[in-house]
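The structure appears right after this line, and notes come after that.
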Amino acid sequence: MTDVKKLHSGPAGVASTLADHIVYVSRASLPNMRVVAQQIQYALKHSANRCQFHIYYIPFHTIICEQILEDEHVLGHITTVGEFNIGLIPLDGDVLSLEMPDMFKQCYVDGDTSSLNLIAQSLHKVQSLYGVIPNVKSKGSASKKILQKLLQLRKQQHDSSVMAQHSSSKAGVGMDDQGQGHPPSAIGAAGAGVAPAPAVAVAAIDTLVLLDREVDLVSPLVTPLTYEGLLDELIGLDYGKILVDARIVGDIADPPKLPDLPGMEAAGTNKGAQPPPPPAFSPDEKITLMLNAGDPIFGDIRDTSIEKLGVYMQEKAISIRKTYNNFRENKDATLQEIAEFVKKIPGITREYKLLHQHINLAEVLKRTTDSREFRDYWQIERGILEGEDEASTLEFIEDLIAADVDRVEFFHVLRLICLQSICGGGIRRNYDGIKKQIVQTYGYEHIFTLYNMERAGFLKRRESKGGVGLGLGLDSGGSAPWAVLKKQLNLIVDSSVLNSQVDISYVTAGYAPLLVRLVQGAVQTDGWGSNAAPGGRRSSVLEVMRLLPGPVVEFSQSNSVVDSDVGEAVTRSQSQSTTAAGGTQSVSSRSTKKVMLVYVVGGLTFLEIAALRTLSNHPSFPYKIIMATTKLVSANSLLTSLVSTS
């Protein structure tokens with residue numbers, strides 16, 4: 001492969017016309033197919049050689065994509081059409097993603113549930129690699145369908161394995177010295193490359209918690225106040241990288257000079273061994289910075305509140321300076337001690353440069369978070385969460401609409417009106433009037449945007465009784481379910497407990513993500529309570545979860561028992577719970593934490609990632625959490641997927 005380019009429209013996006021083969025790796029979307037067709041047409045017209053075109057769809061192809069290529073008269077010129085199911089991609093040490101940006105809209109607005117098969121296949125692959133997950137819990141209609149497909153895949157693989165072993169035994173081939181058949185092929189019923197689940201004594205993952213995004217539509221709309229969350233919110237963090245002004249790196253001074261001590265030359269630390277100075281950048285140049293666990297400074301501060309970054313930066317700078325000063329003051333250092341210090345210099349220098357880089361980034365964030373506009377917006381947001389009067393919120397929204405037509409203001413308007421609708425069980429006052437103002441100010445195409453938001457559950461009119469608030473609207477008593485959820489799950493926490501970063505609510509200065517509270521409830525002795533015996537004690541969390549959309553499913557799996565239906569698995573788990581003591585062990589009863597996989601269908605936010613990491617690292621929480629999702633999302637990216645542009 002001689003040339004790799006990002007797919008974009010226009011003839012400039014075509015690979016060299018002298019190439020013998022042009023390979024497209026693309027998602028099966030209509031805009032992408034139109035670009036591919038345009039480029040093939042251009043290559044056919046201008047290429048002197050006969051190119052061969054190949055296209056691989058991620059993760060699968062659709063009939064409508066082929067139809068577009070056929071309508072553009074290029075399908076017959078494509079030599080190879082294939083599929084490339086990437087599966088879960090590790091974005092960090094504890095975060096996996098299917099990278100399906102359109103999944104939320106497809107599933108919750110368009111009613112297209114085909115992507116649920118891919119989620120089930122990804123979980124099946126996880127079980128094939130790390131063993132059958134013994135404890136499974138889910139909340140939501142989509143999650144239940146995924147589990148149904150997961151059990152079917154496992155049943156199909158089991159049946160294929162049994163049939164293969166039976167055929168080998170009957171033919172008298174493939175037997176080892178003990179008369180046992182060889183393991184079945186790694187290509188099972190789930191598709192190529194998926195090996196049968198190993199019959200390990202202890203699975204690597206103890207518990208799977210599968211949650212629909214529609215269970216918690218509030219958390220994506222809330223402004224994060226962690227370092228990583230704000231980088232994504234204000235700059236844009238994608239695949240672990242951000243695009244920033246070059247001055248953030250270019251302003252860094254030359255690396256600190258090495259201590260001038262006797263014997264340094266002998267230790268090989270002459271001037272030529274000094275690290276090169278940072279490159280010069282033009283003031284308007286943009287550069288890409290990688291931000292992940294490979295950056296030790298970022299790894300320490302990514303989940304830290306923006307208000308505490310200054311303390312960390314100061315302590316880190318003092319520590320680096322102290323390292324140099326201690327060595328400089330050691331006038332009697334031996335050559336061996338000098339040599340050992342020299343070995344540390346590249347790491348210390350890199351740490352110094354990274355620290356300076358993050359100081360500059362933090363200053364960029366602080367200029368926004370300290371502004372009056374940001375604080376006014378945050379106060380309105382907090383007022384909605386705490387249940388303040390709707391009138392003042394709608395007045396603020398109407399002022400935003402009237403004051404500016406900037407795109408940022410547009411998303412601020414959408415976020416606040418959606419948050420008010422969800423937390424208030426709908427918009428009671430001037431619902432049609434606000435929709436009219438949005439359409440008249442930002443464009444008539446947003447009639448469809450508002451329709452999409454209503455379909456997704458973000459927006460609705462509040463009726464006197466009934467309706468949907470967090471998907472359910474008003475309860476029989478006439479109060480919004482958000483008030484009940486907020487109280488029962490302790491979603492709003494007093495600021496006095498935020499100083500120690502013990503409670504997960506520190507991630508946005510007082511709001512604990514609802515989805516993460518559900519994960520906390522899942523490890524109670526009786527979990528979410530769905531497997532409690534009739535007439536027995538049921539979890540208080542279950543009573544709260546009835547206010548959230550979708551069913552609760554809890555069951556257990558084993559290598560020896562292969563269920564083909566969710567109902568069958570739940571029934572067996574319930575019968576076992578009446579004869580055996582179940583529940584989660586406390587962390588004190590075992591030496592190490594077990595692993596919990598939290599899989600969010602429809603998108604996971606950096607705010608929730610920070611809260612889940614905090615929960616995972618807490619000594620009293622009995623699990624180490626690994627997170628998986630269909631896509632890392634923010635409020636803007638989630639709402640952008642619902643925005644109509646035509």
Side-chain angles (χ1 to χ4, degrees), residues 87-88 94-98 100 103-104 107-108 113 115-128 130-154 190 197 203-217 219-220 471 513-524 527-531 539 541-542 545 548-557 563 565-570 573 584 594-605 608-609 612 615-616 623-633:
L88 287 168
D94 57 352
V95 180
L96 308 169
S97 174
L98 277 179
M100 299 169 58
M103 185 271 167
F104 181 83
C107 188
Y108 297 110
T113 59
S115 57
L116 302 185
N117 291 311
L118 296 173
I119 301 171
Q121 289 175 18
S122 70
L123 283 169
H124 186 61
K125 183 63 176 291
V126 168
Q127 291 195 137
S128 298
Y130 301 105
V132 175
I133 303 174
N135 303 304
V136 179
K137 307 170 188 288
S138 79
K139 174 62 176 175
S141 300
S143 294
K144 182 177 180 180
K145 292 177 182 177
I146 292 168
L147 291 179
Q148 182 68 61
K149 296 177 186 296
L150 176 63
L151 292 178
Q152 290 172 359
L153 287 173
R154 193 172 169 228
I205 302 173
D206 178 78
T207 301
L208 167 66
V209 178
L210 192 62
L211 296 165
D212 284 14
R213 180 70 274 171
E214 69 169 353
V215 170
D216 177 13
L217 293 178
S219 297
L514 186 150
L515 182 144
V516 184
R517 285 290 195 228
L518 296 183
V519 174
Q520 283 184 296
V523 304
Q524 294 179 356
W528 288 332
S530 62
N531 288 342
S539 171
V541 177
L542 179 64
M545 292 183 72
L548 301 171
V552 174
V553 175
E554 292 183 86
F555 61 86
S556 59
Q557 300 185 102
D563 300 304
D565 182 79
V566 168
E568 176 185 346
V570 171
S573 298
T584 302
K594 292 186 178 181
V595 176
M596 170 187 286
L597 176 62
V598 177
Y599 205 132
V600 183
V601 180
L604 184 66
T605 67
E608 292 163 326
I609 289 175
L612 286 169
L615 190 63
S616 176
Y623 288 95
K624 173 180 173 56
I625 296 176
I626 302 296
M627 293 158 274
T629 185
T630 51
K631 178 66 178 176
L632 296 185
V633 298

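For the single chain, residues carry numbers from 1 onward in sequence order.
Expressed to the nearest 0.5 Å, how far OH of Tyr108 lies from OG of Ser141 amounts to 8.0 Å. Atom OG of Ser138 sits about 11.0 Å away from atom CD of Gln148, to the nearest 0.5 Å. A distance of 10.0 Å separates CG in Leu515 from CG in Asp212, rounded to the nearest 0.5 Å. Put simply, CG on Leu123 and CG on Leu150 are 5.5 Å apart, with the number rounded to the nearest 0.5 Å. For the atom pair CG of Leu211 and CD of Glu608, the computed distance is 9.5 Å after rounding to the nearest 0.5 Å. The CD atom of Gln152 lies 12.0 Å from the CG atom of Asp563; values are rounded to the nearest 0.5 Å.
Using a 4.5 Å heavy-atom threshold, the side chains of Leu632 and Ile609 count as touching. Using a 4.5 Å heavy-atom threshold, the side chains of Asp216 and Arg213 count as touching. Residues Leu514 and Leu548 form a side-chain contact, since some pair of their non-hydrogen atoms from C-beta on lies under 4.5 Å apart. Two residues are said to be in side-chain contact when any heavy atoms from C-beta on lie closer than 4.5 Å; Val598 and Tyr623 fail this criterion. Inter-residue side-chain proximity for Leu153 and Gln121 is flagged as met; some heavy-atom pair is nearer than 4.5 Å. Proximity of Asp206 to Val595: side-chain heavy atoms (C-beta onward) are nowhere separated by under 4.5 Å. The shortest side-chain heavy-atom distance between Leu208 and Val126 does not fall under the 4.5 Å cut-off.
Between the side chain of Lys139 and the backbone N or O of Gly550 there is at least one donor-acceptor pair closer than 3.5 Å. A donor-acceptor distance shorter than 3.5 angstrom exists from the side chain of Thr630 to the backbone of Gly603, with no hydrogens or angles considered. Listed for the Asp565 side chain is a donor-acceptor partner under 3.5 Å among the backbone atoms of Glu568. In this structure a side-chain-to-backbone donor-acceptor pair under 3.5 Å is missing from Thr207 to Asn135. Thr629 places no side-chain N or O within donor-acceptor distance of the main-chain N or O of Ser97, the cut-off being under 3.5 Å. In this structure a side-chain-to-backbone donor-acceptor pair under 3.5 Å is present from Ser128 to His124.
Lys631 NZ: more than 12 foreign heavy atoms inside a 6.0 Å radius.
Minimum interatomic distance between Ser122 and Tyr599 (heavy atoms only, all atoms of both residues): OG-OH, 2.9 Å.
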Next on the checklist: Before you tell me yes or no, could you show the steps for Ile625 and Asp94 under side chain to side chain contact (heavy atoms under 4.5 Å, CB included), namely the whole-Å CA-CA distance, both residues' side-chain angles and the distance that decides it to 0.1 Å?
Outcome noted: CA-CA 7 Å; Ile625 296 176; Asp94 57 352; over 6 Å; no
Next on the checklist: Quick one, Leu597 with Tyr130, criterion side chain to side chain contact (heavy atoms under 4.5 Å, CB included). Give me CA distance, side-chain angles, the key distance, then yes/no.
Outcome noted: CA-CA 12 Å; Leu597 176 62; Tyr130 301 105; over 6 Å; no
Item to check | Stepwise side chain to side chain contact (heavy atoms under 4.5 Å, CB included) test for Val132 and Arg154 | outcome: CA-CA 10 Å; Val132 175; Arg154 193 172 169 228; 3.5 Å; yes
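A side-chain contact (heavy atoms from CB on, under 4.5 Å) with Leu147 is found for one member of Ile119, Leu116, Val553 and no other, namely Val553. A side-chain contact (heavy atoms from CB on, under 4.5 Å) with Met596 holds for exactly one of Val519, Ile133, Ile205; it is Val519.
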